[in-house]
Amino acid sequence: MQILVVDDDLLAGEMTAAVLEDQGYEVIQAADAVEAIDQLNRYPDIALIVSDMNMPLISGIDLFRDLREQGKHLPFILLTGDDPVQLQQQEPSLNACVQKDFNLEYTLPAMIVQVMAGSI
């Protein structure tokens with residue numbers, strides 16, 4: 001399965017990609033929301049988006065909203081250093097919001113399984 005990872009922090013994006021590649025996923029990366037749209041157009045088999053929340057110009061939540069307005073309804077997981085529960089309440093149609101912390105190597109793969117199974 002192809003997953004698009006969107007993160008303006010190169011190191012954080014690489015770490016997220018490494019976690020996903022260790023789980024057997026094919027990862028495509030983007031450094032911002034504009035590049036994410038380009039990657040989605042370039043790779044039509046992308047099945048899931050994992051995006052950082054806090055990015056310059058267009059935040060992760062704004063990317064999610066823009067994609068929905070464009071009719072793109074790919075599963076979307078938002079990574080945040082903030083309270084994920086509060087963000088999920090702000091945007092209830094978001095598939096999942098995961099705390100970006102030292103447990104990410106466990107929490108993100110588990111969340112992907114739940115989101116793709118439709119149990120969230």
Side-chain angles (χ1 to χ4, degrees):
M1 178 171 81
Q2 287 184 339
I3 298 177
L4 175 61
V5 172
V6 187
D7 201 318
D8 64 307
D9 181 324
L10 180 62
L11 182 59
E14 289 290 334
M15 289 173 46
T16 302
V19 165
L20 298 176
E21 288 168 348
D22 284 348
Q23 297 293 314
Y25 298 113
E26 180 182 344
V27 177
I28 295 146
Q29 290 185 266
D32 57 35
V34 173
E35 188 178 347
I37 300 294
D38 289 343
Q39 296 290 48
L40 286 168
N41 290 330
R42 186 175 300 140
Y43 298 97
D45 292 335
I46 291 173
L48 171 75
I49 300 168
V50 175
S51 176
D52 183 33
M53 170 59 187
N54 296 311
M55 296 186 293
L57 302 177
I58 301 172
S59 71
I61 199 78
D62 289 335
L63 172 61
F64 170 77
R65 290 173 179 152
D66 289 349
L67 290 172
R68 291 303 188 260
E69 287 175 11
Q70 294 174 21
K72 295 182 179 173
H73 294 281
L74 288 171
F76 197 104
I77 298 175
L78 190 64
L79 300 179
T80 182
D82 302 323
D83 180 10
V85 173
Q86 184 181 16
L87 282 170
Q88 189 78 51
Q89 290 171 346
Q90 285 178 347
E91 190 60 60
S93 60
L94 189 64
N95 296 94
C97 190
V98 176
Q99 184 83 35
K100 200 176 193 182
D101 61 15
F102 295 110
N103 293 318
L104 193 64
E105 68 181 297
Y106 305 108
T107 56
L108 183 56
M111 189 61 69
I112 289 171
V113 169
Q114 290 178 7
V115 165
M116 297 311 288
S119 59
I120 291 184

If I take atom [atom1] from residue [X] and atom [atom2] from residue [Y], how far apart are they, to the nearest 0.5 angstrom?
| X | Y | atom1 | atom2 | result |
| --- | --- | --- | --- | --- |
| I58 | L63 | CD1 | CG | 7.5 Å |
| L10 | Q29 | CG | CD | 7.5 Å |
| S51 | I77 | OG | CD1 | 11.0 Å |
| R68 | D66 | CZ | CG | 11.5 Å |
| D82 | C97 | CG | SG | 8.5 Å |
| T107 | Q114 | OG1 | CD | 10.5 Å |

Among residues at least two apart in sequence or on other chains, which ones pass side chain to side chain donor-acceptor pair (under 3.5 Å) with S59?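 Listed in chain order: D62.
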Mind checking who shares a hydrophobic cluster with L11, ILVMFWY linked at side-chain heavy-atom distances under 4.5 Å? M15
Side chain proximity check, [X] to [Y], heavy atoms < 4.5 angstrom:
| X | Y | answer |
| --- | --- | --- |
| I49 | L67 | yes |
| V6 | M55 | yes |
| I112 | I3 | yes |

Testing the basics here: between [X] and [Y], what is the closest heavy-atom pair and its distance to 0.1 Å?
| X | Y | answer |
| --- | --- | --- |
| A30 | Q39 | CB-CG, 4.2 Å |
| D7 | A12 | OD2-CB, 3.5 Å |
| P75 | V115 | CB-CG1, 3.6 Å |

Going through the checks in order, is the side-chain contact (heavy atoms from CB on, under 4.5 Å) test met by L74 and L4? CA-CA 10 Å; L74 288 171; L4 175 61; over 6 Å; no
Do [X] and [Y] sit in the same hydrophobic cluster, where Ile, Leu, Val, Met, Phe, Trp and Tyr count as joined when their side-chain heavy atoms come under 4.5 Å apart?
| X | Y | result |
| --- | --- | --- |
| V19 | M116 | no |
| L48 | M111 | yes |
| L79 | L20 | yes |

Under the salt bridge (Lys or Arg N to Asp or Glu O under 4.0 Å) definition, can you give me all pairs with a residue in residues 31-57, not counting sequence neighbours? D52-K100
Side-chain donor/acceptor pairs under 3.5 Å, residues 21-28, sequence neighbours excluded:
from, atom 1, to, atom 2, distance (Å)
E26, OE2, Q2, NE2, 3.1

Quick one: which residue pairs count as a ring-ring contact (aromatic ring centres under 6.0 Å, His included) with a foot in residues 26-70, not counting sequence neighbours? F64-F76
Side chain to side chain donor-acceptor pair (under 3.5 Å): pairs with one or both residues in residues 8-20, sequence neighbours excluded: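 Counting only pairs at least two positions apart or across chains, no side chain to side chain donor-acceptor pair (under 3.5 Å) contact touches residues 8-20.
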